[in-house]
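Single-structure report; data block below.
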Amino acid sequence: MIDQFGRSITYLRVSVTELCNLRCRYCMPAEGVCKKDHADMLTEDEMILAIEAAASLGITKLRVTGGEPLVKKNILSICRRAAAVPGIREVCLTTNGILLPELARPLREAGVNRLNLSLDTQDPEKYAYITRIGEIKDFWAGFYAALDAGFEKIKLNAVLVGGFNDNEIVSLAALTQQYPVDMRFIEMMPMCDSPEFGEDAYIPFTRVLDALPEARPVPKDGGVAKLYRLPGAKGNIGLISPVSAHFCGECNRIRLTADGKVKPCLHSNAEYPLKGLDLDGMRAQLEKAIWHKPKWHGDLDAAHRSGAGRNMNQIGG
Ligand code: SAM
Ligand code: SF4
């Protein structure tokens, strides 16, 4: 479906849970999330119905996310059923990787085509700091399991945090020379509960290019990342700049939260509830959400926090 600004909306990000086995500082509060009433969350059948309604409006690509999607007990069934919805051509999943040793192969068999894994630092102490409770050895075990399982593409995501990992740009980028993976650097977005990051924490993607003078531009792959490649690399460097150079004009995505709200824009508090509706009702809400997708998300920086009204784990980053 085309929105009122002429953008073709083909990509749905489905958050299957707000819960997580980590507590990344830019994403969620230290105490975790206040568990919502089970009855307020979408059931598996409702998620699949919503995906069917979205596919009937032209959605072809899904990203399963969260929270941490792999802590969801029925994640394999959700992925298998989502991949089988007519019109859905691609199912991707974003994870912190911790549970991949058990789940990488079953996810591949369930029809997940691509995986994104989050890795902000290669330093064990810094990993423990940024995730508050994580151990980096668990990430690496998950990463190797993902490589072994034969996904079409694996992308690593690092949130750029000034004063934290800007001195690791070169070593993170070098992972593309060592492994057949893309390494993407994402500008940190100022979500509601991340006041600990001051102005200096928001660094622009151009810092990555300054650190990698030998990187050469390569054509985009249909996503929003600007792509570069290092000499001899097996994968690309991706730069995602929601803060310093927004890409709202080419945004083709909408989001569905675990509690059943369609969010046409990550940084707007506009939400269209689907919980309890039948296929036609969901379709009508999705049509409204797509038509009213905001033109752009407004300024974002330390002084202008996101208008999302939720933390990232409650939306689906
Ligand atoms: N738990 C999974 C993971 O970490 O990959 C999936 C959900 S997480 C919310 C999805 C992505 O959002 C991660 O790559 C994470 O780094 C990113 N993210 C979370 N908070 C962010 C923020 N404030 N700014 C930019 N990216 C953020
Ligand atoms: Fe969990 Fe992902 Fe948020 Fe980290 S970024 S707290 S792993 S949902």
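These values consider heavy atoms only, across backbone and side chains, with no hydrogens, waters or symmetry-generated copies. Since the structure is predicted, the reported quantities are computational estimates derived from the model, not experimental observations. Atoms within a ligand are numbered from 1 in the order they appear, just like the ligands themselves.
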**Message:** Tell me how many protein N, O or S atoms are within a distance shorter than 2.8 Å of atom 1 (Fe) of ligand 2.
**Reply:** 1
**Complete:** Closest heavy-atom pair, Thr176 versus Asp182, reported as atoms and distance to 0.1 Å, is CG2-C, 4.2 Å
**Request:** Locate the shortest heavy-atom distance separating Ile48 from Ala82; write the atom from each residue and the value.
**Result:**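 Reported closest heavy-atom pair: CD1-N, 3.7 Å.
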**Asked** To the nearest 0.5 Å, how far apart are OH in Tyr26 and CG in Asn313?
**Response**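 With rounding to 0.5 Å, OH (Tyr26) is 11.5 Å from CG (Asn313).
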Under a 3.5 Å threshold, yes or no: a donor from one side chain and an acceptor from the other, between [X] and [Y]?
| X | Y | answer |
| --- | --- | --- |
| Ser241 | Glu187 | no |
| Asp259 | Thr257 | yes |
| Glu68 | Asn96 | yes |

**Message:** Side chain, backbone, both or neither: which applies to Thr94 and ligand 1 if a contact is any heavy-atom pair less than 4.0 Å apart?
**Reply:** both
**Prompt:** Is it the side chain, the backbone, both or neither of Thr95 that has a heavy atom closer than 4.0 Å to ligand 1?
**Reply:**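 Within the 4.0 Å criterion, Thr95 contacts ligand 1 through backbone atoms alone.
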If you look only at distance, which donor and acceptor atoms sit under 3.5 Å apart when one is on a side chain in residues 53-63 and the other is two or more places apart or in another chain?
unit_1, atom_1, unit_2, atom_2, d
Ser56, OG, Ala53, O, 2.7
Ser56, OG, Arg283, NH1, 2.6
Arg63, NE, Tyr11, OH, 2.8
Arg63, NH1, Thr94, OG1, 3.0

Any N or O of [X] that comes nearer than 3.5 Å to an N or O of ligand 1?
| X | value |
| --- | --- |
| Ile186 | no |
| Thr65 | no |
| Asn313 | no |
| Asn116 | no |

Which ligand 1 atoms does [X] reach within 4.0 Å, using its non-hydrogen atoms?
| X | value |
| --- | --- |
| Gly66 | 7 (C), 9 (C) |
| Glu68 | 1 (N), 2 (C) |
| Ser118 | 3 (C), 4 (O), 5 (O), 13 (C), 14 (O) |
| Asn157 | 14 (O) |
| Val159 | 16 (O), 26 (N), 27 (C) |
| Asn96 | 2 (C), 3 (C), 5 (O) |
| Glu187 | 25 (C) |

Within 45 degrees of the axis of the six-membered ring of [Y] and under 6.0 Å from its centre: does [X] put its NZ or CZ there?
| X | Y | answer |
| --- | --- | --- |
| Arg25 | Tyr129 | yes |
| Lys126 | Phe164 | yes |
| Lys293 | Phe5 | no |

Which atom pairs, donor and acceptor, lie under 3.5 Å between side-chain atoms of residues 100-112 and protein residues at least two apart or in another chain?
unit_1, atom_1, unit_2, atom_2, d
Arg105, NH2, Asp148, O, 3.0
Arg108, NE, Gly150, O, 3.1
Arg108, NH1, Val112, O, 2.9

**Request:** Applying salt bridge (charged side-chain N to carboxylate O under 4.0 Å, His left out), run through Lys220 and Glu250 and close with a yes or a no.
**Result:** CA-CA 12 Å; Lys220 286 176 109 173; Glu250 50 180 304; 3.3 Å; yes
**Message:** Going by the closest heavy atom to atom 7 (C) of ligand 1, which one wins out of Gly67, Ser15, Pro69?
**Reply:**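 Minimum heavy-atom distance to atom 7 (C) of ligand 1 goes to Gly67.
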**Request:** Out of Met189, Arg25, Met28, indicate the one that has the non-hydrogen atom closest to atom 25 (C) of ligand 1.
**Result:**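 When every heavy atom of Met189, Arg25, Met28 is considered, Met189 comes closest to atom 25 (C) of ligand 1.
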**Trp140: ring pair (Phe, Tyr, Trp, His ring centres under 6.0 Å) partners, not counting sequence neighbours** = Phe143
